[in-house]
2 protein chains.
Amino acid sequence: MAPRTAADIRRSNLFQVLRRVFAAAPTSRHEIVAESGLSMATVASIATELLAAGVLLEVAPATRSKGRPLTRLALDPAYGSFVGVDVAETYLHVARYDASLTEVASTRREVDGEVRTPEDLERHLTDLLAQVTADRSTVRAVGISVPGLVDDESGVSVYAPNWDWRGVPLRARLSGRWQLPVHLDNPLKALMVSELWHDPDAAEANWAVVNLGTGVGAAIAVAGELYRGASNSAGEWGHTTVAVGGRECRCGGTGCVEAYIGAPGLVAFIEQVAPGHPWTTLGETAAVQALAEALAAGDDVARQVVAAAGAYLGAGLANLVNTVNPERIVLAGWVSDLLGDALLEAARPGVEHQALARPLQSVTMSRLTRPGNAVAFGAATFALEASLSQAHTEGSR
Amino acid sequence: MAPRTAADIRRSNLFQVLRRVFAAAPTSRHEIVAESGLSMATVASIATELLAAGVLLEVAPATRSKGRPLTRLALDPAYGSFVGVDVAETYLHVARYDASLTEVASTRREVDGEVRTPEDLERHLTDLLAQVTADRSTVRAVGISVPGLVDDESGVSVYAPNWDWRGVPLRARLSGRWQLPVHLDNPLKALMVSELWHDPDAAEANWAVVNLGTGVGAAIAVAGELYRGASNSAGEWGHTTVAVGGRECRCGGTGCVEAYIGAPGLVAFIEQVAPGHPWTTLGETAAVQALAEALAAGDDVARQVVAAAGAYLGAGLANLVNTVNPERIVLAGWVSDLLGDALLEAARPGVEHQALARPLQSVTMSRLTRPGNAVAFGAATFALEASLSQAHTEGSR
DNA sequence: CGACTATTTACAGGGGTCGGAATAACTGCT
DNA sequence: AGCAGTTATTCCGACCCCTGTAAATAGTCG
């Protein structure tokens with residue numbers, strides 16, 4: 001949404017200030033001025049607006065040796081709470097955050113195979129939601145991340161590969177049932193938003209977040225804004241071909257990145273390296289866990305598996321580097337969390353081989369190490385953003 | 001460049017108006033209002049500014065049956081002329097355009113193998129420039145497209161794969177020699193800019209231009225603006241891996257798209273399908289030409305070659321569809337021109353197989369059929385844009 | 001009560017967009 | 001010839017932004 005009118009500039013600046021306040025814990029207006037490049041006057045005006053709206057709070061002034069102590073700004077936890085939901089293929093994670101986006105409560109349920117229909121999901125989520133919220137009236141909005149393709153505007157899960165759902169109007173259903181505003185998107189977009197809030201300096205940059213889990217995907221930020229593409233399916237990097245005529249992928253294609261480095265793809269590599277290996281019977285979550293442990297113990301099979309998968313990951317990342325030319329790539333997701341840096345290191349030579357020198361030079365690759373469920377956090381942030389955005393445009397009407 | 005200040009909005013609107021005036025030949029202010037969504041007042045103010053600057057011209061008013069006749073707007077050819085240069089790997093094409101971007105003169109020289117050093121290029125271009133411009137003082141600026149990676153800001157050819165040039169400061173050299181402002185970029189960016197001017201409706205969209213020639217690459221537009229990435233190397237789609245461990249590519253990687261569907265890649269397919277076939281000895285330009293002719297005549301080898309290459313092109317395009325989620329993809333370049341729709345048709349099944357349903361649904365693929373050298377045109381347009389942009393910011397100072 | 005630093009407020013200046021009133025320029029009718 | 005009807009453009013004032021400066025206000029330490 002390229003700013004067309006002056007009001008858009010205002011909103012964009014307002015969110016920048018908000019993100020910076022969040023990221024820098026209690027900050028002063030001066031710090032924000034220094035970091036954002038906005039003028040003192042502008043920051044002050046935005047701050048007063050947010051203060052008046054009850055979004056921000058002035059916290060205990062820090063007394064310095066000399067002069068007036070600076071009043072610190074922080075998000076006001078009392079503004080309300082926001083719920084973030086990470087619907088993954090093997091588990092559900094629901095967390096409630098106060099308006100300063102600190103987690104208040106969270107719960108998780110393994111649902112491997114237990115969710116088949118939207119009704120199942122609805123039932124589980126309603127249950128989990130009740131677990132984290134005593135009083136639903138304090139919740140301002142819920143953000144939900146669902147794997148697959150999501151139409152963010154209509155709140156419809158367009159295609160969820162694991163359950164083969166097509167066009168399920170999740171937002172309408174859940175919002176109706178809970179009587180709360182619900183925002184829907186997929187894990188990648190949630191991760192990206194999470195990162196944009198945690199690191200507002202990167203909020204100017206072009207970069208990508210890569211999610212490694214059962215499914216695999218990426219989210220791309222252009223000039224610090226989540227890039228959605230024509231139909232909110234930009235970043236479906238997991239179904240990018242890296243081997244013409246290669247492994248079959250559940251998307252129906254062949255040789256997709258996901259087929260090699262998604263959790264089932266890793267299991268396939270185990271089978272390939274050591275046919276009949278006991279890990280292959282464990283189920284993907286446990287198998288990856290076992291792989292991680294064995295890797296730490298220096299197991300040879302594990303090493304070979306990671307090396308094999310790493311080659312494909314490397315090619316996939318190099319593709320991202322060459323086409324998107326990002327400033328950095330961040331790896332996230334439970335597979336990345338479990339395998340740690342090993343997978344990234346296994347991918348590095350491949351990236352260096354396949355990526356062109358110039359874009360390679362300008363990219364940094366790292367692993368997301370923030371504690372907690374970043375997807376749930378991001379989903380809650382979505383809800384917060386939407387909530388504030390609405391309040392802001394309404395307030396100025 | 002996300003507009004941060006009101007002036008950015010102005011510039012963006014100004015260029016939008018300009019592009020629309022160009023694309024719709026003589027238009028009225030009203031048409032622009034209807035198409036751009038800007039208000040009458042804004043369009044009028046921009047129009048008067050451009051009129052005053054001498055960029056626009058009011059042409060013969062069209063008298064209607066009733067009411068005040070509308071004055072039509074057009075770019076003023078008398079504003080000056082702009083030169084566009086397409087430095088390709090096998091030829092040089094230099095064209096001069098008046099300020100309404102209609103071609104006034106052009107010349108072309110085959111230089112297969114004759115250009116080795118920057119000095120060679122400088123000599124040839126100086127020569128060709130003289131051929132198209134009688135009076136150099138009427139030329140406002142020159143835009144040059146050079147294959148490979150270009151740093152647009154510093155005007156340096158960072159890496160030109162065919163000549164193995166690294167860090168050649170072309171802009172400084174040529175600008176100094178010709179005493180004219182010179183703008184440097186690569187063919188993809190030029191193509192993209194050309195399309196953005198010719199089809200301003202697409203200038204709101206996210207889409208891609210793919211260039212098929214000796215080298216292969218893509219340019220991506222986000223929200224109607226050329227996307228450059230972190231170091232102006234976004235869109236190096238030609239060096240995207242489509243087959244891990246596949247054919248060696250001149251970039252040093254393996255299995256790059258370019259290795260399969262760049263002109264040398266096509267020749268390799270000929271050798272593969274029919275070892276020792278006479279076409280393989282022709283040189284790439286002639287070989288592709290022969291291939292095109294044989295294809296039209298229904299030759300079987302040609303058909304097989306195109307089918308084989310098409311499969312890789314399909315995978316490559318699908319990757320673009322899945323990661324960028326563009327509204328359309330346009331194929332350009334001399335290989336695309338010679339082989340016509342056959343190659344695109346050969347690629348289509350692959351795209352449909354590998355791309356996800358939703359992004360596939362929202363993409364249109366077509367071939368660029370505009371007559372003339374679109375790269376030279378785009379290069380000239382770069383020069384025009386830069387020239388006006390400078391004039392505009394200076395004018396308001 | 002200084003001295004000193006943080007913030008707020010007020011204001012002028014420079015951009016922009018927008019809607020609506022006023023004006024221009026024709027055609028056609030009387 | 002003059003006037004009404006129409007449509008294209010320009011003009012003006014309202015309004016929204018950001019910015020820099022300057023002065024007023026706050027809060028603390030010595």
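Naming: A, B, ... by sequence-line order, numbering from 1 per chain. In this text, all values refer to a predicted model and were calculated from it rather than measured experimentally.
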Within this structure, what is the [atom1]-to-[atom2] distance between [X] and [N], rounded to whole angstrom?
{"X": "A/Glu58", "N": "D/dG27", "atom1": "CD", "atom2": "C1'", "result": "13 Å"}
{"X": "A/Arg11", "N": "D/dC16", "atom1": "CZ", "atom2": "P", "result": "16 Å"}
{"X": "A/Leu50", "N": "C/dT8", "atom1": "CG", "atom2": "P", "result": "12 Å"}
{"X": "B/Leu51", "N": "D/dT9", "atom1": "CG", "atom2": "P", "result": "11 Å"}
{"X": "A/Ile46", "N": "C/dT7", "atom1": "CD1", "atom2": "P", "result": "15 Å"}
{"X": "A/Glu31", "N": "C/dT7", "atom1": "CD", "atom2": "C1'", "result": "15 Å"}
{"X": "B/Glu49", "N": "C/dT17", "atom1": "CD", "atom2": "P", "result": "10 Å"}
{"X": "B/Arg72", "N": "D/dT7", "atom1": "CZ", "atom2": "C1'", "result": "15 Å"}

Check the phosphate of [N] against [X], side-chain N and O only, distance under 4.0 Å to OP1 or OP2. Yes or no?
{"X": "B/Arg10", "N": "C/dT17", "result": "yes"}
{"X": "B/Thr71", "N": "D/dT9", "result": "yes"}
{"X": "A/Arg29", "N": "C/dT8", "result": "yes"}
{"X": "A/Thr42", "N": "D/dT19", "result": "yes"}

When you get a sec, tell me which of [options] is the closest nucleotide to the side chain of [X]?
{"X": "B/Met40", "options": "D/dC18, D/dA8, D/dT10", "result": "D/dT10"}
{"X": "A/Ala41", "options": "D/dT19, D/dT10, C/dC18", "result": "D/dT19"}
{"X": "B/Leu70", "options": "D/dT10, C/dG19, D/dT9", "result": "D/dT9"}
{"X": "B/Asn13", "options": "D/dC11, C/dT7, C/dT17", "result": "C/dT17"}
{"X": "B/Ser39", "options": "C/dT8, C/dG19, D/dT10", "result": "C/dG19"}
{"X": "A/His30", "options": "C/dA6, C/dC18, C/dT8", "result": "C/dA6"}

Ring-face cation contact, B/Tyr79 with B/Arg140, 6.0 Å cut, 45° max: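 Checked: cation-pi criterion met.
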
Test item: A/Tyr97 side-chain N/O and A/Phe377 main-chain N/O as donor-acceptor pair under 3.5 Å: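 The answer is yes, because a donor-acceptor pair under 3.5 Å joins these two groups.
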
Backbone of A/Gly235 reached by a side-chain donor or acceptor of B/Thr323 within 3.5 Å: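 No, because the side chain of B/Thr323 does not come within donor-acceptor range (under 3.5 Å) of the backbone of A/Gly235.
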
Pairs satisfying side chain to side chain donor-acceptor pair (under 3.5 Å), at least one member in residues 39-52 of chain B, at least two apart: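 Listed once each, the pairs are B/Arg10-B/Ser45, B/Arg10-B/Glu49, B/Ser39-B/Thr42, B/Glu49-B/His392.
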
Electrostatic pair B/Asp199-B/Arg370, nearest N-O below 4.0 angstrom: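 Salt bridge absent between B/Asp199 and B/Arg370.
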
Listed partners of B/Ser137 passing side chain to side chain donor-acceptor pair (under 3.5 Å), at least two apart: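 If we apply the side chain to side chain donor-acceptor pair (under 3.5 Å) test to B/Ser137, skipping adjacent residues, the hits are B/Asp135.
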
Side chain to side chain contact (heavy atoms under 4.5 Å, CB included) assessment of B/Asn13 paired with B/Leu38: CA-CA 8 Å; B/Asn13 286 345; B/Leu38 295 172; 3.7 Å; yes

Point-to-point distance, once rounded to the nearest 0.5 Å, from CG of A/Leu384 to OG of A/Ser389: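 One gets 10.5 Å once the value is rounded to the nearest 0.5 Å.
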
Write down the protein N/O and nucleotide N/O pairs, taken from nucleotides 22-25 of chain C, whose separation is under 3.5 Å; answer none if there are no such pairs.
unit_1 : atom_1 : unit_2  : atom_2 : d
C/dA24 : N3     : B/Arg68 : NH1    : 3.3

